[in-house]
Amino acid sequence: MQKNLVIVESPAKAKTIEKFLGKDFKVLSSYGHIRDLKKKEFSIDVENDFKPDYEIPADKRALVNTLKAEAKNAETVWLASDEDREGEAIAWHLYEVLKLKPENTKRIVFHEITKSAILKAIEQPRSIDLNLVNAQQARRILDRIVGFELSPILWRKVKPALSAGRVQSVAVRLIVEREREVNAFKTEASYRITAIFLVPEADGRSVEMKAELARRIKTKEEANALLASCQQAFFTIEDITTRPVKKTPPAPFTTSTLQQEAARKLGYTVAQTMIIAQRLYESGYITYMRTDSVNLSEFATQGSKAAIAQMMGERYIHSRRFETKTKGAQEAHEAIRPTYMEHQAVEGTAQEKKLYDLIWKRTIASQMADAELEKTTATISISNSGDVFTAVGEVIKFDGFLRVYRESFDDESDQEDESRLLPPLKKGQQLEHGPIVATERFTQRPARYTEASLVRKLEELGIGRPSTYAPTISTIQQREYVEKGNKDGEERIYNVLTLVNQQIKDEDHKEVVGAEKSKLFPTDIGTVVNDFLTEYFPDILDYNFTASVEKEFDEVAEGETQWSSILKNFYDQFHPAVEKTLSTKMEHRVGERILGTEPETNKTVSVKIGRFGPVVQIGTAEDEEKPRFAPMKKGQSIETISLEEALELFKLPRTLGEYEGKVVNVGIGRFGPYIQHSGVYVSLPKTLDPMEVTLDEAEQLILEKRAKDAQRHIKKFEEEPDLEIMNGRYGPYIAYKGTNYKIPKDIVPTDLNLKSCMELIKIQDEKAATSPAKGRKRTTKKK
């Protein structure tokens, strides 16, 4: 009988921990949860205090049997899953499923995977915290109730195969509301006046100093009048103020701030950041990466102190404690930090190294001295006007934490750089002016959300917790309620008035504005679902309600509230609303919008969500003739499409001519514009307009498609039509009955016969059956 069995969540973590424990310990992984609510059933007994009905998924049964056998042979089983609610629930499920006994089961937690932390945890075991387990169960069950009861309503009232989620729906609402703010925004123009003043130096030379009028001017006439008055004016330094300014470093990273800063500085998505951080944690390089605390341990502050003293000197040290200001934050964890502050870099992939570097710099900066700056503001009066110009300069007297780290912001492009030094100035000094320029500027519409700014907004509202941000943002994109994309800018003309050599020049210039990159846009389906849920289930979509539910989960975790009572209160209000909505007859299809009538037939033209997405419809079900339908183009929206744009869509499909004796058509379908010839469809590239593409261009696309297809199909076997050797994005593979199988690099695909293909399939199937991790990675295509 072995002495100790340690069960952790991930195999990478198991490998790291095994290094620290002696031969008396065996470390195995549960690969996350070993059981969950049944996938295709409601699995909640509402009448019996919302008792969940859990099952072990098919791909986990072999693993569970292995863990059972190993646990039976061990004197002590150590449940070492993560220290958050999800980790506590994993430990509890293991305890229940493996039928462990309290006398030989111990629960251990650690915030970092280091030898000292693991050994300390072994010395201080505890029992499973059922309050944390119940908080996780309450969230899981509530989300199951919402998903299972709302989804069928969406299938019937909006479109089949849709689904709804509690936190995801609120995230979609934020994005839809921001999109409407952007579309409704009316830009206003004003003039920004800047002047170059010439300041004489001791050697007789003059240096240029830039200043700006203290207010914006609303009209061109006013701007012109001000420049005209400047032609005859004297400019005098009315006042000079110099004041010291201190800048304090930002707090160490929480999950949310790490996701935001990694997006801004490194360009990582929220999900990508969490995957990389997980690898760093499992390798023992950083502390636990799901936390909303900014606390640092004594060990971390002392380690930072020593590293700062060694690298930069005592003057740069300033130990400080930070307090979390986020709604509903839990202080049980530590902030995300390097496990050892003296390690400025680590081994790993380029992405891991960059993220570690960011975490190290942020942590070390948080324990460094404030930056000391001196800010000088000069006020310059205009002799014949009450307006004044101001020139601002900033000089760093002591760099402090700025030597290591500068925080990024979403609106950085709009921030004026003041880190320049003004020339020597005297009060009462008269100045000559160079060019004075009045530039027409426009108010900026609200910025669409990026993944990072959406996380910040969710955190501000108290919606979700550190472990939910990444899956929430991934889910709303997978469900196609939201898409991440870029938007091309539009050309705009702006006016510039310039006073130079006592003459005022009036010129118009062009600029491209409104270009956006990696922003979140609501799809038509996302917008329609949001509007429907907001109307019929306002509580579910209410920000305060969603945040208050999170607070109640926190109370369950603290042992202050019964989890079943939260679910009962929610269900007693929610379920009747579901039944009422199901029985409500609706005059129009949800999301339908009438655009007008078709001039030739006088039939109604409308837009709505069809079976395969947004469509334009001419006619109604009540007409004698069947309605005609046309799918909308990418970039068009149900909310903003005009009648003229809708009618344009019915000019497709159009016939281009004949090629090889067969008709060539161009049309638009569910996945965009296409060329159709002899039963084959070829996607039209973005560079070609379906209304203008020529027969010659279509022929070229048809030939390119044939060449590509010929390269893709390597070999087929008549005796086994379900099997084919294909050429894919990552190299050759075997496709068999909807599943893809790798071909080893040392095998030439064309040399394979049917028998050797079947052998490769058998080997990989057997390997997948015995390895849960690899079993999950196998690619299976839907037929």
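Heavy atoms only: backbone and side chains are in, while hydrogens, waters and symmetry mates are out.
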Hey, are [Y] and [X] close enough side-chain-wise for a donor-acceptor pair under 3.5 Å?
| X | Y | answer |
| --- | --- | --- |
| E555 | T561 | yes |
| Y54 | R35 | no |
| S564 | D49 | no |
| T472 | T475 | no |
| S256 | E459 | yes |
| T363 | S366 | no |

Open item on the list: Assess the residue pair E88 and R126 against the criterion (salt bridge (charged side-chain N to carboxylate O under 4.0 Å, His left out)); give the C-alpha distance rounded to whole Å, side-chain angles, the decisive distance to 0.1 Å, and a yes or no.
Closed with: CA-CA 12 Å; E88 206 69 22; R126 61 169 173 82; 2.8 Å; yes
Are any side-chain N or O atoms of [X] and backbone N or O atoms of [Y], one a donor and one an acceptor, separated by less than 3.5 Å?
| X | Y | value |
| --- | --- | --- |
| S565 | Q562 | yes |
| S43 | K39 | no |
| E407 | P250 | no |
| T291 | A335 | no |
| T257 | F253 | no |
| S283 | L280 | no |
| R140 | L142 | no |
| S169 | L541 | no |
| E9 | D82 | yes |
| T640 | Q636 | no |

Open item on the list: My understanding is that only one of T255, D554, D292 makes a side-chain hydrogen bond (donor to acceptor under 3.5 Å, both in side chains) with R465; could you say which?
Closed with: D554
Task: Y405/E261 under side chain to side chain donor-acceptor pair (under 3.5 Å): CA gap, chis, key distance, verdict - done: CA-CA 12 Å; Y405 187 84; E261 195 74 336; 2.6 Å; yes
Is it true that atom [atom1] of [X] has more than 12 heavy atoms of other residues, nucleotides or ligands lying nearer than 6.0 Å?
| X | atom1 | result |
| --- | --- | --- |
| K484 | NZ | yes |
| R321 | CZ | no |
| E47 | CD | no |
| K265 | NZ | yes |

At what distance, to the nearest 0.5 angstrom, does [atom1] of [X] lie from [atom2] of [Y]?
| X | Y | atom1 | atom2 | result |
| --- | --- | --- | --- | --- |
| L63 | I56 | CG | CD1 | 10.0 Å |
| S127 | W92 | OG | CH2 | 14.5 Å |
| R107 | L100 | CZ | CG | 12.5 Å |
| I275 | Q351 | CD1 | CD | 9.5 Å |
| Q124 | K106 | CD | NZ | 12.5 Å |
| K551 | N544 | NZ | CG | 11.0 Å |

Task: side chain to side chain contact (heavy atoms under 4.5 Å, CB included) assessment of L28 paired with V6 - done: CA-CA 6 Å; L28 293 177; V6 181; over 6 Å; no
Smallest separation among heavy atoms of [X] and [Y], with atom names:
| X | Y | answer |
| --- | --- | --- |
| D84 | R290 | OD2-CD, 4.1 Å |
| A91 | I128 | O-CD1, 3.8 Å |
| G485 | F521 | O-CE1, 3.4 Å |
| F110 | A117 | CB-O, 4.2 Å |

TODO: Start with the C-alpha distance between I118 and T114, add both sets of side-chain angles, then the distance that settles side chain to side chain contact (heavy atoms under 4.5 Å, CB included), and finish with yes or no.
DONE: CA-CA 6 Å; I118 305 297; T114 59; 5.9 Å; no
Open item on the list: Classify the ring geometry of Y288 against H111: parallel below 30°, tilted from 30° to 60°, perpendicular beyond 60°.
Closed with: perpendicular
TODO: Take the angle between the ring planes of F574 and F537 and call it parallel below 30°, perpendicular above 60°, tilted in between.
DONE: tilted
With sequence neighbours excluded, residues passing side-chain hydrogen bond (donor to acceptor under 3.5 Å, both in side chains) with [X]:
| X | answer |
| --- | --- |
| S163 | R479 |
| K487 | none |
| Q136 | E86 |
| D129 | none |

- [ ] Start with the C-alpha distance between E550 and R166, add both sets of side-chain angles, then the distance that settles salt bridge (charged side-chain N to carboxylate O under 4.0 Å, His left out), and finish with yes or no.
- [x] CA-CA 11 Å; E550 295 291 354; R166 185 178 57 88; 3.8 Å; yes
TODO: May I ask you to decide whether R445 forms a salt bridge with E516, counting only side-chain N to carboxylate O separations under 4.0 Å?
DONE: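 Salt bridge: yes.
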- [ ] Might you work through the side chain to side chain donor-acceptor pair (under 3.5 Å) test for E334 and S297, ending with a clear yes or no?
- [x] CA-CA 7 Å; E334 204 180 337; S297 65; 3.0 Å; yes
Open item on the list: Checking I153 against V578 for the side chain to side chain contact (heavy atoms under 4.5 Å, CB included) test, could you report, in this order, the C-alpha distance in whole Å, the side-chain angles of both residues, the deciding distance, and whether it holds?
Closed with: CA-CA 8 Å; I153 297 176; V578 169; 3.6 Å; yes
- [ ] If a pair satisfies salt bridge (charged side-chain N to carboxylate O under 4.0 Å, His left out) and one of its residues is in residues 170-180, list it, with sequence neighbours excluded.
- [x]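 Sorted pair list: R173-E177, R178-E181, E179-R448, R180-D531, R180-E639.
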- [ ] Could you tell me if the ring centre of Y285 sits under 6.0 Å from that of Y281?
- [x]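 No - the distance between ring centres of Y285 and Y281 does not fall below the 6.0 Å cut-off.
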TODO: Using the test ring pair (Phe, Tyr, Trp, His ring centres under 6.0 Å), find all partners of Y95 that sit at least two apart in sequence or belong to another chain.
DONE: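 Listed in chain order: nothing, the list is empty.
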Task: Stepwise side chain to side chain donor-acceptor pair (under 3.5 Å) test for T301 and Q367 - done: CA-CA 7 Å; T301 53; Q367 300 304 304; 5.4 Å; no
TODO: Give me the one residue out of L162, N530, V482 that meets side chain to side chain contact (heavy atoms under 4.5 Å, CB included) with I525.
DONE: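 The option that passes is L162.
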Open item on the list: I'd like to know whether S518 forms a side chain to side chain contact (heavy atoms under 4.5 Å, CB included) with T450, so could you lay out the CA-CA distance, the side-chain angles of the two residues, the decisive distance to 0.1 Å, and finally the verdict.
Closed with: CA-CA 6 Å; S518 295; T450 60; 5.9 Å; no
